[in-house]
*Asks:* 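What follows is a single structure, and I will ask about it in a moment.
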Amino acid sequence: MDAAPPRVRHGAGAAEPSVSVIVCAYTDRRWQLLVEAIESIRGQSAPPEQIVLVIDHNPELLARSRATFPDAHVVANEDAQGLSGARNTGVRHCAGDVLVFLDDDAAGHPDWLAILLAPFSDPLVMGAGGAALPAWEGAPPRWLPGEFLWTVGASYVGLPVQPGPIRNPIGANMAFRSEAFARAGAFTEGIGRVGRTPLGCEETEFSIRLRQTVPGAIILYLPAARVDHHVPSDRATWSYYTSRCWAEGVSKALVTGMVGDKDGLSSERAYVVRALGAGVVRGLRDAVRGDAAGLARASMIVIGLGCTTAGFARGRAVAWARGRRTPEAIRPEL
């Protein structure tokens with residue numbers, strides 16, 4: 001799969017884009033999940049021409065992956081440690097016209113790729129994303145509101161229920177034309193996750209920058225393009241929930257410092273006004289109807305919003321105090 005992928009032609013000489021799937025991994029603790037992720041790519045109804053597996057500064061995992069996945073192009077992260085650097089390495093090693101990103105702890109449904117790639121027949125579509133369904137290691141916590149499933153890397157209440165334009169996709173399940181990286185540049189390092197540190201939003205910043213660079217560019221959400229995203233039991237806790245909300249606020253502060261408040265917070269304003277308000281009302285209504293966890297869900301929406309806002313304020317304050325330096329310079333002080 002290392003060679004340049006062939007073009008697949010249908011109809012009267014029309015060409016469909018070639019496809020590369022990028023998976024980034026950093027730890028042996030997720031080995032079985034990584035195996036399942038690669039198997040899900042191989043088992044697609046419309047399999048890609050190339051699988052690129054990027055190992056993030058872990059020589060043992062690199063050697064094991066090369067021995068186990070001979071049909072994949074397995075490479076070491078050539079940039080700074082972290083998800084952004086690993087993704088950028090993957091982009092450079094891809095031969096496809098469309099580059100798909102799948103998390104190492106996610107598995108695509110059999111028609112996931114076919115659905116995700118269908119809109120790229122429109123030249124204005126520069127990116128797309130699908131749904132990430134939570135695959136709980138244990139019982140789902142009843143106190144966790146659906147509006148905050150993003151804290152565990154899953155699609156949340158407030159996303160569109162029908163295909164349509166969005167600001168940015170979920171990182172576990174997204175695709176961009178290779179042209180997007182040629183025109184808008186790479187994922188910005190210093191924003192996203194490094195190891196188990198729960199920062200994020202590198203795909204948000206890239207998507208905004210892409211639309212600022214390419215006027216008229218469209219990014220679509222396709223809820224039928226589904227992957228199952230593993231949720232370990234240690235993420236179904238109040239402590240992880242609050243820390244993840246805080247980290248999201250910090251990440252949003254870094255993003256808005258680069259792309260501006262108008263674009264950086266456009267989706268968040270609508271989410272707070274519509275989804276979170278409705279979620280609180282729904283939780284209270286459930287409690288009145290006898291669901292004791294409904295009051296907990298309503299309370300956690302308020303707590304989650306408060307933690308996220310506090311993280312944003314902290315990130316913004318540090319950025320201003322340090323002269324709005326780069327994310328790499330600001331991050332250690334947050």
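Small disclaimer: the values here were computed from a predicted structure and weren't measured. The first residue of the sequence shown is numbered 1, and numbering continues consecutively from there.
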*Asks:* Rounded to the nearest 0.5 Å, what's the gap from CD on Glu147 to CZ on Arg297? Could you check?
*Replies:* 9.5 Å

*Asks:* Where is the tightest heavy-atom contact between Gly130 and Ser155, given as atom of each residue plus distance?
*Replies:* O-OG, 4.4 Å

*Asks:* State, to 0.1 Å, how close Ser207 and Arg167 come at their nearest heavy-atom pair, and which atoms those are.
*Replies:* CB-O, 3.3 Å

*Asks:* Please say yes or no: joined through hydrophobic side-chain contacts below 4.5 Å, possibly via intermediate residues, are Val281 and Val157 part of one cluster?
*Replies:* no

*Asks:* Is there a path of hydrophobic side-chain contacts, each under 4.5 Å between heavy atoms, that joins Val280 and Val272?
*Replies:* yes

*Asks:* Are side-chain heavy atoms of Leu159 and Ile170 found at a separation under 4.5 Å?
*Replies:* yes

*Asks:* Quick one: CG on Leu34 to OG on Ser65, what's the gap to the nearest 0.5 Å?
*Replies:* 5.5 Å

*Asks:* So Leu144 and Leu149, side chain to side chain contact (heavy atoms under 4.5 Å, CB included) or not? Walk me through it.
*Replies:* CA-CA 7 Å; Leu144 179 60; Leu149 282 173; 3.7 Å; yes

*Asks:* Would you say Asn173's side chain and Ala225's backbone share a donor-acceptor pair under 3.5 angstrom?
*Replies:* yes

*Asks:* I'd like to know if the side chain of Asp104 and the backbone of Val23 have a donor-acceptor N/O pair within less than 3.5 Å.
*Replies:* no

*Asks:* Report yes if the side chains of Cys24 and Asp56 come closer than 4.5 Å at any heavy-atom pair, otherwise no.
*Replies:* no

*Asks:* Just wondering, do Pro165 and Leu220 contact through their side chains at under 4.5 Å, heavy atoms?
*Replies:* yes

*Asks:* Should Arg92 and Asp79 be marked as a salt bridge (Lys or Arg N to Asp or Glu O under 4.0 Å) after you check the CA-CA gap, both sets of side-chain angles, and the distance that decides it?
*Replies:* CA-CA 11 Å; Arg92 291 195 296 271; Asp79 298 332; 3.1 Å; yes

*Asks:* So Ser18 and Glu49, side-chain hydrogen bond (donor to acceptor under 3.5 Å, both in side chains) or not? Walk me through it.
*Replies:* CA-CA 7 Å; Ser18 55; Glu49 287 85 358; 5.3 Å; no

*Asks:* If you look at every heavy atom in Gly304 and Tyr241, which pair is closest and at what distance?
*Replies:* CA-OH, 3.6 Å

*Asks:* Do Trp31 and Phe69 have ring centres separated by under 6.0 Å?
*Replies:* yes

*Asks:* Are the side chains of Val227 and Ser40 in touch, meaning some heavy atoms are under 4.5 Å apart?
*Replies:* no

*Asks:* Just wondering, more than 12 heavy atoms not from Gln32 lying within 6.0 Å of its CD?
*Replies:* yes

*Asks:* Starting at CG of Asn168, measure out to CG of Leu210 and round the result to the nearest 0.5 Å.
*Replies:* 11.5 Å

*Asks:* As a quick check of understanding, evaluate side chain to side chain contact (heavy atoms under 4.5 Å, CB included) for Arg285 and Asp291, giving each step before the final call.
*Replies:* CA-CA 9 Å; Arg285 185 184 300 123; Asp291 180 2; over 6 Å; no

*Asks:* Flag yes if Val161 and Leu276 sit in one hydrophobic cluster, no otherwise; membership is Ile, Leu, Val, Met, Phe, Trp, Tyr, and two members link when side-chain heavy atoms are under 4.5 Å apart.
*Replies:* no

*Asks:* Does any pair with a residue in residues 299-310 pass side chain to side chain donor-acceptor pair (under 3.5 Å), and if so which ones, sequence neighbours excluded?
*Replies:* none

*Asks:* Test of understanding: clusters of I, L, V, M, F, W, Y form through side-chain heavy atoms closer than 4.5 Å, transitively. Do Tyr156 and Ile219 belong to the same one?
*Replies:* yes

*Asks:* So Pro48 and Leu113, do their side chains get closer than 4.5 Å, heavy atoms only?
*Replies:* yes

*Asks:* Strictly distance-based, threshold 3.5 Å: is any side-chain N or O of Asp103 a donor or acceptor partner for the main-chain N or O of Asp105?
*Replies:* no

*Asks:* Roughly how far, to the nearest 0.5 Å, is the CG atom of Asn88 from the CG atom of Leu83?
*Replies:* 9.5 Å

*Asks:* Any side-chain to backbone donor/acceptor pair from Arg177 onto Val125? Under 3.5 Å, distance only.
*Replies:* yes

*Asks:* Using the side chain to side chain contact (heavy atoms under 4.5 Å, CB included) rule, take Asn77 and Tyr26 through it: C-alpha gap first, then chi angles, then the decisive distance, then the call.
*Replies:* CA-CA 10 Å; Asn77 181 5; Tyr26 72 97; over 6 Å; no

*Asks:* Nearest 0.5 Å, what's the OG1-CD distance between Thr204 and Glu202?
*Replies:* 8.0 Å

*Asks:* Could you give the distance from CG (Leu284) to CG (Leu295), rounded to the nearest 0.5 Å?
*Replies:* 6.5 Å

*Asks:* Spell out, as yes or no, whether a donor-acceptor pair under 3.5 Å connects the side chain of Arg209 to the backbone of Ala184.
*Replies:* yes

*Asks:* Do Glu189 side-chain atoms and Ser84 backbone N/O form a donor-acceptor pair below 3.5 Å?
*Replies:* no

*Asks:* When hydrophobic residues are tied together by side-chain contacts of less than 4.5 Å, even through go-betweens, does Val214 share a cluster with Met174?
*Replies:* yes

*Asks:* Should Met300 and Ile303 count as side-chain neighbours, where that means a heavy-atom distance under 4.5 Å?
*Replies:* yes

*Asks:* Before you tell me yes or no, could you show the steps for Asp111 and Ser45 under side-chain hydrogen bond (donor to acceptor under 3.5 Å, both in side chains), namely the whole-Å CA-CA distance, both residues' side-chain angles and the distance that decides it to 0.1 Å?
*Replies:* CA-CA 6 Å; Asp111 58 353; Ser45 60; over 6 Å; no

*Asks:* How close do Trp112 and Val21 get, counting heavy atoms only, and between which atoms?
*Replies:* CH2-CG1, 4.4 Å

*Asks:* Give the intermediate values and the outcome of salt bridge (Lys or Arg N to Asp or Glu O under 4.0 Å) for residues Arg244 and Glu248.
*Replies:* CA-CA 6 Å; Arg244 181 67 186 86; Glu248 183 72 7; 3.0 Å; yes

*Asks:* Ignoring hydrogens, what is the shortest heavy-atom contact between Tyr240 and Thr151? Give both atom names and the distance.
*Replies:* CE2-O, 3.2 Å

*Asks:* Is the ring centre of Phe148 less than 6.0 Å from the ring centre of Trp150?
*Replies:* yes

*Asks:* Between Ser178 (side chain) and Asp97 (backbone), is there a donor-acceptor pair under 3.5 Å?
*Replies:* yes

*Asks:* Judged by atom type as modelled, is there a donor-acceptor pair below 3.5 Å linking the side chain of Gln50 to the main-chain atoms of His93?
*Replies:* yes

*Asks:* Between Ile22 and Gly90, what is the shortest heavy-atom contact and its length?
*Replies:* CD1-C, 3.6 Å

*Asks:* Are any of the side-chain heavy atoms of Asp71 and Arg42 separated by less than 4.5 Å?
*Replies:* yes

*Asks:* Is the backbone of Val74 close enough, under 3.5 Å, to the side chain of Arg66 for a donor and an acceptor to pair up by distance?
*Replies:* yes

*Asks:* Side chains of Val54 and Arg87: does their closest heavy-atom pair fall under 4.5 Å?
*Replies:* no

*Asks:* Tell me if a side-chain donor or acceptor on Thr242 pairs with a main-chain N or O of Ser239 at a distance below 3.5 Å.
*Replies:* yes

*Asks:* Relative to each other, are the rings of Phe206 and Phe187 parallel, tilted or perpendicular (30° and 60° limits)?
*Replies:* tilted

